[in-house]
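See below for the structure under consideration.
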Amino acid sequence: MSALVQPPEARVEAEHPEAAGYRAGRTLPLRVEAMRQLRRRRTLLMGGILAALPFILIVAFAIGGTPDGEDGGGGGRGGGRINLMDVATESAANFAATSLFVSAGFLLVVPVALFCGDTVASEASWSSLRYLLAAPVPRVRLLWSKLVVALGFSLAAMVLLPVVALAAGTAAYGWGPLKLPTGGALAAGDTVPRLALVVAFIFVSQLVTAGLAFWLSTKTDAPLGAVGGAVGLTIVGNVLDAVTALGSWRDFLPAHWQFAWADALQPELEWGGMIKGAAISVTYALILFALAFRGFSRKDIVS
């Protein structure tokens, strides 16, 4: 490959192998990228929205009265349905589970798409991407740093919601066992580990959205296009899952398993649905991440 078509970082390594202090693996440290993203206005706005949701729900329950199950929503895997709204105000654990339930289908998709879709595309839109690569930051290192930080912020957003919900729910409804819509209850000491498992599964199930957003972010200079495209394709997956005529083909849709975490809120923990859902999501995500790295490594950076 001629010097004219080599990436800037490759030319530096080839022409100046003795450059003092230069280590490709030390460029763009994770803490630097994390602080850059933390100071972004959209990060603070998204954190504020997620932190405010539990208080909005508390006010809604105070105005509308105790849920009676007539208007409660439901979600499930396969043909199963759950109705956490019936028991939302029984305890802090119930309130946290309900907060996750009402937000898992769409609200928690947004921060994942935002943090992962705004990574590379925002640098391109600011015309700073080529300067980062000329620093030189190797392309793989650039993508790796941005992906790890984006996934970290996505996980933090998912942890923030139930933590705030537990604190607000304890003040509003008291601490106690997690009462199940199907009858029975989980001991208070078991609720936090089960809710942690729920959050972990939701995060894994959203890796598909993260992969879509990240891949699109490497293909476009418009951050809104990458974010909107990932959210739109996620919605399309939910619509397809509602088409019962697809039969067993729906098992290959990540959206089909998005509420499999309901199995974690049963007296006897069931792993089958969550394992299948996690396997489907991770498979799609790895393919999309690989496409992002492969395409970006060959892309002509002009912005």
Side-chain angles (χ1 to χ4, degrees), residues 47 49-109 111 154-206 256-278 281:
I49 292 173
L50 291 173
L53 178 63
F55 297 99
I56 295 173
L57 290 176
I58 289 175
V59 172
F61 288 140
I63 294 174
T66 303
D68 57 10
E70 294 179 1
D71 299 319
R77 50 162 183 78
R81 306 283 294 182
I82 60 172
N83 195 343
L84 287 170
M85 296 298 290
D86 290 352
V87 292
T89 59
E90 295 292 334
S91 69
N94 281 94
F95 181 69
T98 302
S99 298
L100 286 170
F101 172 70
V102 300
S103 58
F106 179 75
L107 182 59
L108 290 180
V109 173
S154 300
L155 178 59
M158 295 181 186
V159 172
L160 176 64
L161 177 62
V163 168
V164 174
L166 280 174
T170 300
Y173 310 118
W175 183 260
L178 193 156
K179 296 185 179 179
L180 306 175
T182 55
L186 291 177
D190 295 332
T191 55
V192 172
R194 294 292 186 94
L195 288 174
L197 178 59
V198 169
V199 172
F201 177 80
I202 293 175
F203 173 73
V204 172
S205 68
Q206 293 298 335
H256 187 65
W257 305 98
Q258 64 180 326
F259 288 104
W261 55 263
D263 291 342
L265 302 181
Q266 303 296 330
E268 295 294 331
L269 183 60
E270 298 180 13
W271 292 95
M274 288 188 287
I275 290 175
K276 292 178 182 178
S281 297

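Keep in mind that the numbers below use all heavy atoms, side chains included, and drop hydrogens, waters and symmetry copies.
Rounding to the nearest 0.5 Å gives a distance of 11.0 Å between CD1 of I202 and CG of L155. Going from atom CD1 of I58 over to atom OG1 of T89 covers 10.5 Å, rounded to the nearest 0.5 Å. Rounding to the nearest 0.5 Å places OG of S103 at 7.5 Å from CG of L50. Rounding to the nearest 0.5 angstrom, the gap separating the OG atom in S99 from the CD1 atom in I56 is 10.5 Å.
Counting heavy atoms from C-beta on, the side chains of P111 and S154 never come closer than 4.5 Å. Between F95 and T170, every side-chain heavy-atom pair lies at or beyond the 4.5 Å cut-off. Counting heavy atoms from C-beta outward, L100 and M158 have side chains that stay 4.5 Å or more apart. At a threshold of 4.5 Å between non-hydrogen side-chain atoms, the residues L166 and L195 count as touching. Contact annotation: the side chain of W175 never approaches that of S91 to less than 4.5 Å [non-hydrogen atoms, C-beta and beyond]. At a threshold of 4.5 Å between non-hydrogen side-chain atoms, the residues L269 and L197 count as touching.
Here the closest non-hydrogen pair linking V199 and P162 is CG2-CG, 3.7 Å. Shortest non-hydrogen contact noted between T191 and P177 is CG2-C, 4.5 Å. Shown here for F61 and A88, the closest heavy-atom pair between the two residues is CZ-CB, 3.6 Å. Closest approach of G47 to L160, counting heavy atoms only: O-CD2, 3.5 Å. Pairing each heavy atom of L186 with each of L265, the nearest pair is CD1-CA, 4.3 Å. The two atoms that bring Q258 and F201 nearest to each other are O-CE2, 4.0 Å, heavy atoms only.
With hydrogens and angles ignored, the 3.5 Å screen pairs a side-chain donor or acceptor of R194 with a backbone N or O of Q266. For D263 (side chain) and W271 (main-chain N/O), no donor-acceptor pair under 3.5 Å exists by modelled atom type.
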Worked verdict on V102 versus L57 for side-chain contact (heavy atoms from CB on, under 4.5 Å): CA-CA 10 Å; V102 300; L57 290 176; 4.1 Å; yes
Trace of the side-chain contact (heavy atoms from CB on, under 4.5 Å) decision for N94 with Y173: CA-CA 9 Å; N94 281 94; Y173 310 118; over 6 Å; no
Pair W257-K276, side-chain contact (heavy atoms from CB on, under 4.5 Å): steps then yes or no: CA-CA 8 Å; W257 305 98; K276 292 178 182 178; 3.7 Å; yes
